[in-house]
Amino acid sequence: MEKNFNHAQLESQIYARWEESGLFAPKANSQGAPFVIVIPPPNVTGNLHMGHALDNTLQDILIRYHRMKGDDTLWVPGTDHAGIATQAVVEKALALEGIKREDLGREKFVARVWQWKAEYGGNIARQLRRLGASCDWGRERFTLDEGLSKAVREVFVRLYEEDLIYQGDYIINWCPRCLTALADIEVERDDRKDSLYHIHYPLEGGASSLDSLIVATTRPETMFGDTAVAVNPKDERYKTLIGRLARIPLIDRLVPIIADEYVDLEFGTGALKVTPGHDHNDFQIGQRHNLPIIKAIDERGFLTEAAGVYKGLERDQARQKVVLDLESQGLLAKIEPIAHAVGVCYRCRTVIEPLVSRQWFVRATPLAKKAIEAVRDGRTRLRPAQWEKTYFEWLENIRDWCVSRQLWWGHRIPAWSCSSCGKVTVSREDPASCPHCQGQLRQDPDVLDTWFSSGLWPFSTLGWPEKTADLARFYPTTVLVTGFDIIFFWVARMMMMGLWLTDQAPFRDVVLHPLVRDAHGQKMSKSKGNVIDPIGIIDLYGTDAFRFTLAAQAGQNRDMKLNPARVAGYGKFINKIWNAARFVLTNLGGEDYGALGDKTDGASTPALSLPDRWIHSRLLAVTAQCRERLENFEFDHLADVIYHFVWDEFCDWYLELVKPILYGADQTAIKATRRNLLISLVKVISLAHPIIPFVTEEIWGKIPGAQGFLMNASYPEATEDLDPEAESQIGILMDIARVVRSIRADFGAPPGAKVAPLVKTGDPEVLSLLANYGPILTRLMGAESLKAVEPSAQKPRDAAGATRVWGEIWVPLGGHIDLALELARLDKEAAQLAKDIRQATGKLHNPDYVQKAPSEVVEETRERLDEMTKRAAVISQTLTALKEMAQ
RNA sequence: AGGCGUGUAGCUCAGGGGGAGAGCACUACCCUGACACGGUAGUGGUCAAGAGUUCAAAUCUCUUCACGCCUACCA
């Protein structure tokens with residue numbers, strides 16, 4: 001075996017062998033309970049980023065664990081067509097050739113996107129393989145493939161027939177750059193510092209041009225779309241003006257002054273220009289007051305003929321010119337700075353232009369109701385549960401979902417309008433002519449929001465609406481693993497769609513993980529240049545080290561700060577486990593240990609040494625912990641348990657304790673220990689496999705008698721009883737070793753100097769331990785002997801000591817002990833002890849504590865007090881003796 | 001404006017009513033036959049601040065401060 005695990009060379013080979021074996025797919029006729037995860041589909045043209053890496057590592061850990069546990073495990077992979085994102089990528093590429101999508105026309109453009117997908121679409125799947133993702137590639141899906149498109153159409157038609165989808169003229173968020181409508185949650189907020197313009201709207205019939213109502217606005221260019229000025233009915237300043245007319249400057253159009261509760265008395269001047277065509281709130285006011293809607297700005301962000309001479313100006317230019325003209329006419333009362341948030345497109349950060357237009361909407365409230373209920377009654381659990389509140393809050397205040405997008409790449413809306421009768425037909429099959437009048441039909445040019453199809457993902461990928469075997473066997477799915485940032489976009493939509501269409505909650509648990517940031521907690525972004533490429537990390541440190549890092553940091557926090565130095569640190573752990581295996585495998589002595597099945601249990605062979613019994617017991621405890629953590633999605637704690645067990649207990653103690661046996665002369669003991677080494681190694685790599693699959697699989701391949709793959713072996717079970725006797729005895733041995741080492745170090749005994757520690761005890765258990773295992777310990781302490789002395793013995797003058805529950809330990813160090821040093825040490829210890837004793841005594845004298853605290857806790861305190869009192873007596877004696885010596 | 005979250009060792013974080021913890025970093029010593037990507041022993045903290053509940057608070061409650069995030073129709 002090489003000294004290091006060669007991840008660069010071995011990982012891809014191991015993955016290829018797994019994939020060839022067909023073990024990623026569920027086993028035919030499995031008796032296990034289904035355990036199903038659908039992958040959050042990454043953008044088909046995307047590259048693997050840190051978020052995917054975390055997401056899929058956690059999924060793979062769960063999948064590998066459940067597969068080893070014997071469940072009927074399925075992980076469905078796939079990709080999303082990602083409407084706007086993909087279309088934008090392809091348009092960008094075309095732009096380099098000097099081509100616009102309009103030049104190509106719809107069909108040719110869509111063909112180009114498919115071509116793009118064929119070229120780059122496999123990228124993400126290749127990268128997922130490097131992550132070790134053990135998903136069933138035979139079931140890979142794409143949101144635009146035939147089956148899923150059929151599902152989308154079925155849903156659209158069904159919801160339309162149930163009157164849950166409608167077409168309406170409504171104010172929507174429009175991106176003038178992407179030229180499409182956006183759903184509310186696709187609009188992000190940017191904090192800006194702008195100006196608040198106070199503008200005179202002259203009153204009709206006023207005495208002079210200065211007899212005016214002043215309105216405040218950040219968007220003067222929308223004034224050409226104003227159809228009213230609103231004031232609050234409670235506003236004493238303006239009461240008399242209600243019902244009169246005001247004149248819009250620059251175009252001299254008259255609008256009514258109306259009263260509406262919405263207007264804030266405190267803000268600006270308390271008078272609001274109402275532009276129902278270009279503002280969400282104004283639209284609502286317009287609805288209440290039956291105001292007309294004037295479109296002053298077009299889809300590309302230029303002013304329309306409604307703006308008179310300003311027609312044709314771009315929004316921002318128009319604003320400047322309007323402000324200048326107002327000022328020159330003396331109609332600009334003042335300009336004050338204002339900090340506010342403006343809506344921007346989540347794709348391109350262009351400022352959103354609210355527009356009234358005809359779009360398709362999903363009535364969200366009835367769907368949301370079911371989604372709320374399913375989480376309230378626990379059919380689906382969000383983890384951590386704190387997210388449930390966020391989930392409820394959004395769903396309880398949900399607004400109708402605008403699902404049409406003015407793009408070419410996506411699911412075409414299955415609606416046709418008739419050129420003769422004008423009626424709209426929504427249909428599962430493409431209709432040849434209008435079913436009402438046989439007139440000519442034209443299909444709606446829009447496509448559906450990407451999230452419409454991803455909302456169906458848990459069941460559309462399994463074949464729905466067909467009644468497939470997969471659907472029957474694997475739906476509803478078990479766990480969803482995703483970032484909390486898409487609770488609204490995706491999780492809530494899947495819940496709504498799933499419950500409405502299949503009458504079942506699509507998942508049992510939704511595991512929300514943190515968002516990956518850079519080492520300083522900053523969001524990774526190309527513009528900041530702080531993006532860490534997961535593949536680069538994998539190349540450097542190996543997939544296992546990377547996966548271990550992600551798991552170790554996947555706690556309850558919202559941010560995960562990824563520091564490559566930490567990955568390097570866990571790379572050392574991979575090396576450690578590899579070398580532990582190397583030690584075990586090179587010490588087996590070439591004997592035949594039989595088929596591996598015999599090795600994983602029955603460790604209670606009589607010939608087992610104390611260290612063997614101990615590690616066996618510890619393995620049982622750790623196995624139970626690992627299982628519990630996996631069942632509860634505590635990935636960070638899982639990594640922690642494995643790390644410490646492997647390093648601190650398995651390597652630092654067990655392998656060291658066992659060396660004297662292996663290098664000894666007792667052939668029976670050697671044989672038993674070799675066998676146990678092998679058994680425990682198998683358990684260790686099995687426990688760790690879900691997190692670090694590659695190195696553990698490679699080790700498995702080197703184990704004599706190992707059959708097949710570790711990924712297909714069984715996860716350890718903790719069925720036997722622990723061995724408390726072995727644990728406590730090894731505990732005492734560890735204690736002795738640590739005390740001796742500590743004393744040596746404190747008194748600066750040279751490393752080469754052999755010491756001969758003395759253990760003063762009357763405890764028969766300790767005496768027997770010393771008799772049997774003293775020789776094992778001496779090696780670990782750099783001692784030449786370890787002897788017991790009578791309880792009545794006097795401490796040698798040149799010895800340093802420490803008191804323990806089971807007795808006392810003395811380490812004669814010749815001339816190395818400085819009397820003064822020890823006096824100081826003991827004084828310090830005595831002071832601390834006195835403090836602790838006061839505390840414990842106080843507690844035990846307190847009736848409240850004695851009654852309220854659990855009896856074990858009280859008992860523990862009592863025992864500790866006894867222990868401390870004994871120690872205090874010893875220290876006090878020693879101190880007296882030392883002081884005498886010093887004199 | 002509301003809601004949520006965070007504040008514990010130099011860094012990243014775990015813990016959570018009765019002894020302040022881990023990893024990395026740091027110091028000293030050690031290349032001992034799995035591993036120097038190693039070993040052993042250590043240094044280091046008013047658990048953000050203040051108040052309250054309690055015999056006992058890093059932990060529970062309240063207030064304050066700082067920093068994040070999310071939602072929202074203040075033009």
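Just so you know, these numbers use all the heavy atoms, side chains as well, and skip hydrogens, waters and symmetry mates. Here is the naming used below: chain letters follow the sequence lines, and residue numbers restart at 1 for every chain.
Between A:H340 and the phosphate of B:A75, there is a side-chain N or O to OP1/OP2 separation shorter than 4.0 Å. Between B:U71 and A:W387, no contact under 4.0 Å exists linking OP1 or OP2 to a side-chain N or O. Residue A:K389 places at least one side-chain N or O under 4.0 Å from the OP1 or OP2 atom of B:C4. Between A:S742 and the phosphate of B:G42, there is a side-chain N or O to OP1/OP2 separation shorter than 4.0 Å. Residue A:H198 has no polar side-chain atom (N or O) positioned under 4.0 Å from OP1 or OP2 of B:A75.
Between the CG atom of A:L638 and the C1' atom of B:A14 there is a distance of 14 Å, rounded to whole Å. Taking atom OH of residue A:Y201 and atom C1' of nucleotide B:A75, one finds them 11 Å apart after rounding to whole Å. Rounded to an integer number of Å, the gap from CD of A:Q386 to C1' of B:G3 is 13 Å. Between A:L512 atom CG and B:C4 atom C1' the separation is 13 Å, expressed in whole Å.
Here the separation of B:C47 from B:U6, taken at their C1' atoms, is 14 Å to the nearest Å. Rounded to whole Å, the C1' atom of B:U71 lies 32 Å from the corresponding atom of B:A51. To the nearest whole angstrom, the two P atoms, one in B:A48 and one in B:A20, are 16 Å apart.
Looking at which nucleotide of RNA chain B each of A:N281 and A:W653 is closest to, the 5′-most match is held by A:W653. Positionally, the nearest nucleotide of RNA chain B for A:E393 lies more toward the 5' end than for the other of A:K659 and A:E393.
There is a side-chain donor-acceptor pair under 3.5 Å between A:D194 and A:H340. Inspection of the A:Y170 and A:D400 side chains reveals no N or O donor paired with an N or O acceptor under 3.5 Å.
Relative orientation of the A:F484 and A:W387 rings is parallel, given thresholds of 30° and 60° on the angle between their planes.
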Every protein N/O lying under 3.5 Å from an N/O of nucleotides 65-68 of chain B:
from	atom 1	to	atom 2	distance (Å)
B:G68	N2	A:R558	NH1	3.4

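Using a 4.0 Å heavy-atom criterion, one finds that A:Y663 contacts the bases of the nucleic acid, with or without backbone contacts as well.
No salt bridge links A:E393 with A:K389; every basic N to acidic carboxylate O contact stays at or beyond 4.0 Å. Residues A:E2 and A:R582 are not paired through a salt bridge, judged by the lack of any N-O separation under 4.0 Å between the basic side chain and the carboxylate.
The base-pairing partner of B:A9, taking Watson-Crick or G-U wobble contacts with both distances under 3.5 Å, does not exist among the strands shown.
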